[in-house]
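The figures that follow rest on heavy atoms only: side chains count, while hydrogens, waters and symmetry mates do not.
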Amino acid sequence: MTSLSITAPRRSRAVAHFVRALALWRGAIRIGEVGAAPALDLLIRLWLAQSFWVSGIVKVSDWNAALYLATHEYPVSWMNPVLAAWLGVTIELAGPVLLALGLATRFAAIPMLILALVVQYVYLPLDSNLHQAVLFGWYAVMGAGPISLDRRIARGIEDTAVPFARPVARGFAAVTRFAGPVYKLFLRYWIASVFFASGLVKISDFGSTIFLFQTEYAIPILRPVLAAYLSTAAELGCSVLIVLGLATRPAALALIGLTLVIELTYQHHVDHLYWMALLGLIVLRGPGLLSLDALARHWLQRRFPSPADLPFSAFAAQPHVVVVGAGFGGVAATRALRHAPCRVTLIDRHNYHLFQPLLYQVATAGLSPADIATPIRGMFRDQSNTRILLGRVTGVDAANQAVLIGEQVVPYDYLILATGARHAYFGHDAWEPSAPGLKKIEDATDIRRRLLLAFERAEGTNDAIERLALMTFAVVGGGPTGVELAGAIAELARHGMKREFRTIEPALTRVLLIQSGPRVLPTFPETLSAAAARALEGLGVDLLLDSAVEAIDETGVVVGGQRIAARTVFWAAGVMASPAAKWLGAECDRAGRIKVGPDLSVPGLPTVFAIGDTAWSEGWDGKPVPGLAPAAKQAGTYVARLIRSQLEGRPAPAAFRYRHLGSLATIGRRAAVADFRWLRLSGPIAWWLWGAVHIAFLAGMRNRIAVALDWFWAYLTFRRSTRLITGEERS
């Protein structure tokens, strides 16, 4: 058993600071390469595409002018002018489409490169033509970035029966591997030569340079003489560094800043945008192998290897952090331990991370389960110090510091419990078969089955009373889940099923929202609760406020002594924490949440932490932290930071404080409420904001795109594409 006293190997303070700075620099480069570089690549492709597309459209609209240009202005001696005109227009129309999509990017870039060079050297010499040619050369050699169809279908195309697909794919890969560094070297030399020449011109007539900074592009915070010196030194010094490939990224960033100052204060010119695009490629894609930076990176990698580049076995001697639960809190904690001197084991009974705020969309046939679930192993594919275990935790042996998965024992040095919560029936567990809750994908698909099956059965019965009961849906609980579920059911019935049935009219469906308190959304301000109530009533939802449920069975619900015939009842009234408190024998509240200390540790167990719905914390200015996804993520990040500080021998962070970013809830189509404390919104604006926030917080680009497209289609057509009745009746 590894004890708590084990820490990372001791280094001198200076070396430790250097290693941390190096990790930060690597992290910044990683963010640029993974996050910003694909976006810049897409923007450059779209920019080049629109320029050539517009030119092609102009020529099509005035074909005689296009023929004149091909005959007199930039004739190609070995080609018929009419054919040359047709070929040029075809390139300018087809090439931009392929370039924008990132489809057959190299095949599109090469003819556009040739066309730019023909225009430059035969017809109209312009710097912008050369800039375009260099950028097209980049795509011909390097290919399109991650946001492209080429990247998405590359593996599939290579393994198909398309003739020559595999040799062509391997040839392109070889071009990028061997010609890529050479092209990056050419790009650096070309950029450096232009800026170095500009610096020499400024030195040769320094008085004019000072005058420019006094009158044309003055910088208020710098004196003109100092600004002139800095500008000249930047152009000369950064050019030398870029040629050598030494500190290339900072040097290119400095030249981007200088170009931006000229663009914003003195001379607005499209060439500046080209220069910033070219320099941006160097900043985000690096200087290439033919550079001093590459040699330095190779040496540093051998001397101070990055955790991401090591196999998991290399972390065997490191302290072991076990995270139980791959919800928002567990995933946030695991990610934050990426560069920590430890090994991490993430345990979950499912192999996916679930975006629970959109479960109701699956339950009401708005989304597919795959749209809101992301495989855990894929999320941590590049996090070498982390392994994933699939299993159901059955207990914790705190005395021996071990997690139990049945008979399997997983030792730990630190334990993070992020086991979430399940729906609670306040002592009436017998209601669960008749009123399922909504916490898991299985719950959502079961609710969807019951919901859709009710309409099918109503269509097939001749009993008017039974049909009315089948078309009556009761949702118990007026919190965000209940409000969203009731609104989605009403919208589906009134719009999504229009003209699909012949016996019943789905628009006559009765949806009841039963709330024991005086208003829906009780955690929101009263004005927003009232707005939500109006929106629900506008959808036809009947609100039963101050109404406690007394009984639920397969025939309906009893509310205030009155039985309501509703064959389909859904539960959204309460939650109960996982049995984590029982595993530890820890103090808990009525909902089973462990009462944790200011640092989210379990009292008496300083190496065990509870976060998210598992914990009861007064980290919100003395108030209990709400069971929201942002709260769980903040807690996970905090605990990871605390553990890392202990492992690295640094002072621990201050007590956990939850920072409330706001609350959102949607009510069907074009209606939502948003509470940011300082700003309260309702109606369509809040609805758009709700959608943008939820798409942004989904895990994985594939899920974000799929959800956005599904919502867009449903918004335009009122049709939901996942209305599938699957699964069997639950016993």
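For Ile44, the side chain to side chain contact (heavy atoms under 4.5 Å, CB included) criterion is met by Leu40, Leu48, Leu135, Tyr139, Ala277, Leu281, not counting sequence neighbours. Partners of Phe178 under the side chain to side chain contact (heavy atoms under 4.5 Å, CB included) rule, at least two apart in sequence or in another chain, are Ala174.
Heavy atoms only, all atoms of each residue included: Leu258 and Ser231 are closest at CD1-OG, 3.5 Å. Heavy atoms only, all atoms of each residue included: Leu236 and Leu200 are closest at CD2-N, 3.9 Å. Shown here for Val89 and Gly56, the closest heavy-atom pair between the two residues is CG1-O, 4.3 Å. Considering all non-hydrogen atoms of both residues, Ala686 and Ala672 come closest at CB-O, 3.4 Å. When all heavy atoms of Ala252 and Val283 are compared, the closest pair comes out as CB-CG2, 3.5 Å. Here the closest heavy-atom approach between residue Ala340 and residue Asn385 is recorded as O-ND2, 3.9 Å.
Judged by distance alone, with hydrogens and angles left aside, the side-chain atoms of Asp150 form a donor-acceptor pair with the main-chain N or O of Thr105 at under 3.5 Å. Ser51 contributes a side-chain N or O that, together with a main-chain N or O of Trp47, makes up a donor-acceptor pair within less than 3.5 Å. The main-chain N or O of Val141 is found under 3.5 Å from a side-chain atom of Arg106 such that the two form a donor-acceptor pair. A donor-acceptor contact shorter than 3.5 Å is absent between the side chain of Gln634 and the backbone of Ala629. Looking only at distances, a side-chain donor or acceptor of Asp371 sits under 3.5 Å from a matching main-chain atom of Ser368. Of the possible donor and acceptor atoms, one in the side chain of Lys184 sits under 3.5 Å from a partner among the backbone N and O of Arg285. Of the possible donor and acceptor atoms, none in the side chain of Thr232 sits under 3.5 Å from a partner among the backbone N and O of Tyr229. Panel note: side chain Arg680, backbone Ala674; no donor-acceptor pair is recorded below 3.5 Å. In this structure, Thr176 contributes its side chain and Phe172 its backbone to a donor-acceptor pair below 3.5 Å. With hydrogens and angles ignored, the 3.5 Å screen pairs no side-chain donor or acceptor of Ser291 with any backbone N or O of Pro287.
When ring centroids are compared, Tyr183 and Phe186 come within the 6.0 Å threshold. For Phe328 and His353, the ring centers are positioned less than 6.0 Å apart.
For the pair Phe52/Met112, a side-chain contact is recorded, criterion being any heavy-atom separation below 4.5 Å from C-beta on. Annotation: side chain of Arg188 is in contact with side chain of Ile282 (closest heavy-atom distance under 4.5 Å). The shortest distance between side-chain heavy atoms of Trp275 and Ile191 falls below 4.5 Å. Leu358 has its side chain within reach of Leu367: a pair of non-hydrogen atoms, C-beta onward, lies under 4.5 Å apart. With contacts defined as side-chain heavy-atom distances shorter than 4.5 Å, the pair Ile242/Phe195 does not qualify. At least one side-chain heavy atom of Trp190 sits under 4.5 Å from a side-chain heavy atom of Leu278. Taking the side chain as every heavy atom from C-beta outward, Val134 and Leu187 approach each other to under 4.5 Å. Proximity of Arg45 to Leu42: side-chain heavy atoms (C-beta onward) are separated by under 4.5 Å at one or more points.
Between Lys202 and Glu235 a salt bridge is recorded (basic side-chain N to carboxylate O distance below 4.0 Å). A salt bridge does not link Asp293 with Arg297: none of the charged nitrogens is closer than 4.0 Å to a carboxylate oxygen.
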message = If you apply the rule side chain to side chain donor-acceptor pair (under 3.5 Å), what do you find for Asp675 with Ser663, and how did you get there?
response = CA-CA 5 Å; Asp675 175 27; Ser663 299; 5.2 Å; no

Side chain to side chain contact (heavy atoms under 4.5 Å, CB included) evaluation trace for Val673 with Leu681 = CA-CA 6 Å; Val673 291; Leu681 300 171; over 6 Å; no

task = For Leu241 and Thr248, run side chain to side chain contact (heavy atoms under 4.5 Å, CB included): C-alpha distance rounded to whole Å, both residues' side-chain angles, the deciding distance at 0.1 Å, then the answer.
result = CA-CA 6 Å; Leu241 291 175; Thr248 316; over 6 Å; no

message = Run the side chain to side chain contact (heavy atoms under 4.5 Å, CB included) test on Met379 and Val331 for me, step by step, so that the C-alpha distance in whole Å, both residues' side-chain angles and the decisive distance to 0.1 Å come before the verdict.
response = CA-CA 9 Å; Met379 297 174 69; Val331 166; 3.7 Å; yes

message = For a side chain to side chain contact (heavy atoms under 4.5 Å, CB included) check, start with the C-alpha distance between Glu33 and Leu284, then their side-chain angles and the critical distance, and finish with the verdict.
response = CA-CA 6 Å; Glu33 291 177 342; Leu284 298 177; over 6 Å; no

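Applying the 6.0 Å contact sphere to CD1 of Ile203 captures more than 12 heavy atoms from other residues, nucleotides or ligands. The number of heavy-atom neighbours closer than 6.0 Å to CZ of Phe676, taken from other residues, nucleotides and ligands shown, is above 12.
Atoms CG and OG, from Leu99 and Ser148 in turn, are 10.5 Å apart once rounded to the nearest 0.5 Å. Atom CZ of Arg303 sits about 14.0 Å away from atom NE2 of His298, to the nearest 0.5 Å. Taking CG from Asp41 and CZ from Arg151, the interatomic distance works out to 8.0 Å, rounded to the nearest 0.5 Å. Between the CG atom in Leu115 and the OG1 atom in Thr90 there is a gap of 11.0 Å [rounded to 0.5 Å]. Atoms NE2 and CD, from His339 and Gln383 in turn, are 8.0 Å apart once rounded to the nearest 0.5 Å. Residue Thr259 holds its OG1 atom at 10.0 Å from CG of Leu273, rounded to the nearest 0.5 Å.
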